[in-house]
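Step one of this worksheet: look at the structure below.
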Amino acid sequence: MCVFMAKTTSTNFFSFMPNRNTTQDSIKFQNGFFLSGPVKAFSLSASQLQCYYASIPISVPLTKYKDYEFISLDEKICEFCEKGNLKKAMEFLLMPENPQVASSTYCSVLQLCAELKSLEDGQKVHSIIRSSGVSIDGVLGSKLVFMYVTCGNLREGRLVFDKIANEKTFLWNLMINGYAKIGDFKESVLIFEKMLRSGIEVNSHTFSCVLKCFAALGSIKDGEWVHGYLLKLGFNSYNAVNNSLISFYFKIREVQSAHKLFDDLTDRDVISWNSMISGYVASGLCEKGLELLIEMLKSGADTDLATIICALAGCANCGDVSLGRALHAFAIKARFDRNAIFSNTVMDMYSKCRDLNGAIQVFAKMADKSVVSWTALIAGYVREGLADKAIGMFHEMERGGVVPDTFAITAILHACACNGSLESGKHIHNYIRENDMQSNIFVCNALMDMYAKCGSMEDAKSVFLEMPVKDIVSWNTMIGGYSKNGLPNEALSLFVTMIKELEPDGRTMACVLPACASLAALDKGKEIHGYILRNGCLYDQHVTNALVDMYAKCGMLVLARFLFDMIPTKDLVSWTVMIAGYGMHGLGNEAISAFNGMRHAGLMPDEVCFISILYACSHSGLINEGWMFFNLMQNECNIKPQLEHYACVVDLLSRTGKLSMAYKFIQKMPIEPDATIWGSLLCGCRIHHDVKLAEKVAEHVFELEPENTGYYVLLANIYAEAEKWEQVKKMREKIGTRGLKKNPGCSWIEAKGKVHIFVAADHSHPQTNNIEALVNKYRSKMKKEGYRPKLRYALINADEMEKEMALCGHSEKLAMAFGILNLPPGQTIRVTKNLRVCGDCHEMAKFMSSKTKREIVLRDSNRFHHFKDGICSCRGFW
DNA sequence: TTGTAAGCTG
């Protein structure tokens with residue numbers, strides 16, 4: 001059936017004038033004719049025209065009507081398509097009772113749908129085709145697939161693709177590329193394999209795309225096979241293929257192979273250069289990438305926007321702000337600066353080069369600020385430690401109608417983590433739930449990190465357990481979170497679970513070693529050290545520093561020093577860890593020479609380093625040196641002392657018996673002293689038995705931390721040691737009414753890969769009879785040799801016998817006795833206690849070391865005590 | 001059809 005349409009011209013009878021005072025664009029007549037083009041309202045009304053055209057018979061040959069040209073519906077639709085007017089084309093196609101149009105017309109409309117990315121219209125066309133009964137041949141099917149894939153409905157496209165069995169390489173490439181674009185590289189590869197099996201011809205596009213897929217999948221062998229295959233077919237003469245190969249080798253970390261390909265390229269195009277620069281930058285070899293940029297510019301090769309963007313990313317990652325600025329200027333001249341991706345990149349460059357103001361300036365000038373722009377700036381604020389400002393920016397972004405995506409959410413979670421804002425973090429968690437972002441691994445990792453940094457490991461754990469897929473970052477975050485939140489046992493047990501599932505990396509080691517350190521779990525630490533040696537993480541400075549710290553905290557100072565000496569370029573953390581190690585072992589002078597060594601190496605101590613050296617001085621009673629460092633910190637290094645530094649000085653004065661000086665020092669502090677500061681003095685009062693000052697100091701402590709059990713117990717101990725039993729009783733009552741519980745003393749020791757834990761007066765250990773018998777044996781021996789037990793440490797107002805019994809039950813004694821009974825002769829006995837060692841136990845440890853001729857290393861909550869031949873390394877400073 | 005921006009673990 002043929003349908004005619006009147007084609008309007010400016011010279012025709014009705015003087016149809018386009019674009020002037022028109023009422024409607026076209027009219028359908030009852031006989032199936034169309035009058036198209038704008039109808040001039042003043043010349044004839046629509047109904048008049050309709051009447052006129054209604055009289056024209058269908059069978060009249062076209063030539064009879066000189067002034068009118070009649071065209072088919074197909075042609076009309078195609079004409080609209082050519083003009084890009086999809087709306088009109090669809091209108092004609094969808095008119096009710098329309099005659100069937102040609103397959104090629106459907107193709108034209110589908111092409112336009114694809115170009116305009118109108119899935120909705122495309123689907124309508126597909127349904128018309130279905131209902132019209134037109135057979136979907138290879139050509140029409142291809143167009144349908146093209147439309148669906150271009151419009152992002154890969155599933156529908158695939159259904160058509162599978163039905164039509166097309167042999168066109170283009171269509172196969174389209175499908176492979178379609179899946180690659182949505183990240184389903186596995187499906188891309190499956191189609192590629194099917195393509196090879198079916199004998200479909202492959203071309204350079206196929207190789208380009210497939211190489212990208214194998215790179216993304218990390219399928220090194222398959223990618224290399226493709227390389228061989230394309231060489232066989234001679235596709236290595238195509239630049240695009242070589243460029244893809246370069247990218248592939250960069251992605252599989254074969255940097256040299258990539259460079260070799262580039263070297264062999266005779267005709268390098270801009271993409272070859274860009275691929276090299278971007279490859280180096282993405283591999284973390286930014287300097288090399290920037291060198292290539294310079295080489296590229298010198299060679300006179302063309303540069304484009306992508307060149308600048310890749311190079312700016314390189315500047316950002318290696319902090320080269322001057323080159324970044326030069327590129328920025330160059331880009332402005334080249335008029336690249338109106339491009340959104342460019343602006344975002346340049347802004348990120350300034351932000352990562354610590355020039356936040358530069359970033360803010362670019363941001364302010366940006367015409368359309370996308371979520372990417374906001375995220376880059378928010379991350380910049382967080383990097384500068386301005387987490388509050390970052391959170392403010394986030395709200396401003398939301399108010400401006402910009403919807404946060406997973407990147408923005410991750411950045412803002414990081415801000416909450418740095419700020420410790422659990423409340424804001426929980427709000428973000430709600431947003432994540434409401435917007436179904438829980439499946440994003442970055443979001444979940446950042447969420448766990450936020451909870452861990454805000455101290456809520458329970459929340460972190462529930463996120464971790466609910467994660468559908470966990471990566472190494474997830475595990476590291478949880479293990480590190482447990483370590484830092486005082487849950488070392490949880491950290492270690494999670495580490496054990498982890499290594500059954502995936503291979504740990506250097507960061508895992510740096511996360512788990514502090515857990516070993518805090519438990520003094522030497523055997524476990526050594527095991528992890530072995531793991532590190534086998535897996536080659538020893539070249540990671542963080543790992544070596546953590547190992548030094550672990551060995552120092554597990555009492556193996558010699559080993560710590562040995563590893564420390566092996567670090568080729570020691571950083572500030574390496575030195576700080578070593579200084580702290582010497583400090584906790586009471587080796588103040590060694591700590592000082594390490595400090596001097598560090599300065600000699602040209603490193604500037606930071607506030608943490610000063611805490612270590614002040615701590616070391618205080619634990620060795622080096623009062624003059626301590627003062628010297630306290631002044632050095634302020635005068636030479638311009639570091640304002642924080643609470644921790646004041647606490648060390650107070651500790652130093654208190655331990656050395658300068659109690660009133662300490663008291664005055666606290667009163668003169670420019671910052672408000674906290675309970676720890678007063679607590680240090682209270683400890684000093686206990687060591688030097690100053691009950692009067694203790695009462696004065698305790699008032700401050702109780703006011704600042706009324707809920708802290710430790711301080712009530714401490715004052716009770718001070719009273720008990722002075723045998724002021726009435727006051728002890730009052731303190732106990734005070735503790736009782738407040739519902740406070742004394743933290744039970746507990747000691748542990750490792751033997752044959754097992755940790756044995758002892759609690760004071762606990763008889764549940766299987767060897768309890770032997771252990772208690774041994775303790776009593778030593779007690780009698782000590783008495784015979786004229787030793788009087790330090791009864792005041794028993795803290796019980798009872799008769800002498802009972803006090804003695806209570807002393808015998810102290811956990812550290814039980815652990816030491818267990819060590820003597822179970823560890824081979826000559827092996828050092830290493831005991832760890834959660835509280836400070838008691839004076840009586842300290843005496844017995846000396847005695848035991850002398851009688852058994854073996855070393856005892858006792859780590860309490862404060863420091864190490866090395867007992868050898870009846871002498872302790874602490875020399876009374878504890 | 002290859003190269004192009006922001007986010008997580010010590």
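The chains referred to below are lettered A, B, ... by the order of the sequence lines, with proteins before strands, and numbering in each begins at 1.
- Two residues are said to be in side-chain contact when any heavy atoms from C-beta on lie closer than 4.5 Å; Asn476(A) and Asp505(A) meet this criterion.
- As judged by a 4.0 angstrom heavy-atom cut-off over every strand, Cys511(A) is placed among residues touching the sugar-phosphate backbone only.
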Apply side chain to side chain contact (heavy atoms under 4.5 Å, CB included) to the pair Leu513(A) and Asp549(A), showing each step before the final yes or no. CA-CA 8 Å; Leu513(A) 281 169; Asp549(A) 184 54; over 6 Å; no

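- The interatomic distance linking Tyr238(A) (OH) with dG3(B) (P) rounds to 19 Å, in whole Å.
- Note: CE (Met296(A)) to P (dG3(B)) measures 15 Å, nearest angstrom.
- The side chain of Leu305(A) lies closest to dT4(B), out of dG7(B), dG10(B), dT4(B).
- Under 3.5 Å, the side chains of Ser370(A) and Ser373(A) contain a donor-acceptor pair of N or O atoms.
- Leu265(A) has its side chain within reach of Ile246(A): a pair of non-hydrogen atoms, C-beta onward, lies under 4.5 Å apart.
- For Trp475(A) and Phe495(A), the gap between ring centers reaches or exceeds 6.0 Å.
- Put simply, Lys352(A) has no side-chain N or O that comes within less than 4.0 Å of OP1 or OP2 on dA5(B).
- Following rounding to the nearest Å, His328(A) (NE2) and dA5(B) (C1') show an atom-to-atom distance of 14 Å.
- Residue contacts shown for Ser483(A) are absent, as no nucleic acid heavy atom lies under 4.0 Å away.
- At the phosphate of dG7(B), neither OP1 nor OP2 sits under 4.0 Å from any side-chain N or O atom of His414(A).
- Not a single donor-acceptor contact under 3.5 angstrom links the side-chain atoms of Asp405(A) to the base of dG7(B).
- Atom pair Tyr381(A):OH and dG7(B):C1' shows a separation of 18 Å (rounding to whole Å applied).
- Under the 4.5 Å side-chain criterion, counting only non-hydrogen atoms from C-beta, Val202(A) is in contact with Leu233(A).
- Under the 4.5 Å side-chain criterion, counting only non-hydrogen atoms from C-beta, Phe185(A) is not in contact with Phe214(A).
- Separating the CE atom of Met448(A) from the P atom of dG7(B) is a distance of 18 Å, rounded to the nearest angstrom.
- Here Thr345(A) lies in heavy-atom contact (under 4.0 Å) with sugar-phosphate atoms only.
- Within 4.0 Å (heavy atoms only), Thr410(A) reaches at least one base atom of the nucleic acid.
- Checking the phosphate oxygens (OP1, OP2) of dC8(B), no side-chain nitrogen or oxygen of Lys453(A) falls inside 4.0 Å.
- Between Lys181(A) atom NZ and dG3(B) atom C1' the separation is 14 Å, expressed in whole Å.
- Using cut-offs of 30° and 60° on the angle between ring planes, the pair His328(A) and Phe342(A) is tilted.
- Checked by atom type, the side-chain pair Asp264(A)/Asn242(A) shows no donor-acceptor distance below 3.5 Å.
- At the phosphate of dG3(B), OP1 or OP2 sits under 4.0 Å from a side-chain N or O atom of Lys212(A).
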Start with the C-alpha distance between Asp471(A) and Ser474(A), add both sets of side-chain angles, then the distance that settles side-chain hydrogen bond (donor to acceptor under 3.5 Å, both in side chains), and finish with yes or no. CA-CA 5 Å; Asp471(A) 66 1; Ser474(A) 328; 2.8 Å; yes

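- Comparing dT2(B), dG3(B), dA6(B) by their nearest atom to the side chain of Asp304(A) picks out dG3(B).
- Among the heavy atoms of the strands, none lies under 4.0 Å from Lys369(A).
- Shown here is Lys461(A), whose NZ atom has no more than 12 heavy atoms of other residues, nucleotides or ligands within 6.0 Å.
- Within the 4.0 angstrom heavy-atom criterion, base atoms lie near Asp540(A).
- Annotation: proximity of residues 466-481 of chain A to DNA chain B (heavy atom, distance under 4.0 Å) is found for Val473(A), Asn476(A), Thr477(A), numbered in ascending order.
- Distance from the side chain of Asp348(A) is smallest to dA5(B) among dT4(B), dC8(B), dA5(B).
- In this entry the distance linking CE of Met498(A) with P of dT9(B) reads 15 Å, nearest Å.
- Residues from residues 260-285 of chain A placing a heavy atom under 4.0 Å of any atom in DNA chain B, listed by number, are Ile271(A), Asn274(A), Ser275(A), Ser278(A).
- Among the heavy atoms of the strands, none lies under 4.0 Å from Asn173(A).
- Minimum atom distance to the side chain of Asn445(A) is reached by dC8(B), of the listed dG7(B), dC8(B), dT4(B).
- For Ala510(A), whose side chain is taken as the heavy atoms from C-beta onward, the closest listed nucleotide among dG10(B), dA6(B), dG3(B) is dG10(B).
- In this entry the distance linking NE2 of His259(A) with P of dG3(B) reads 18 Å, nearest Å.
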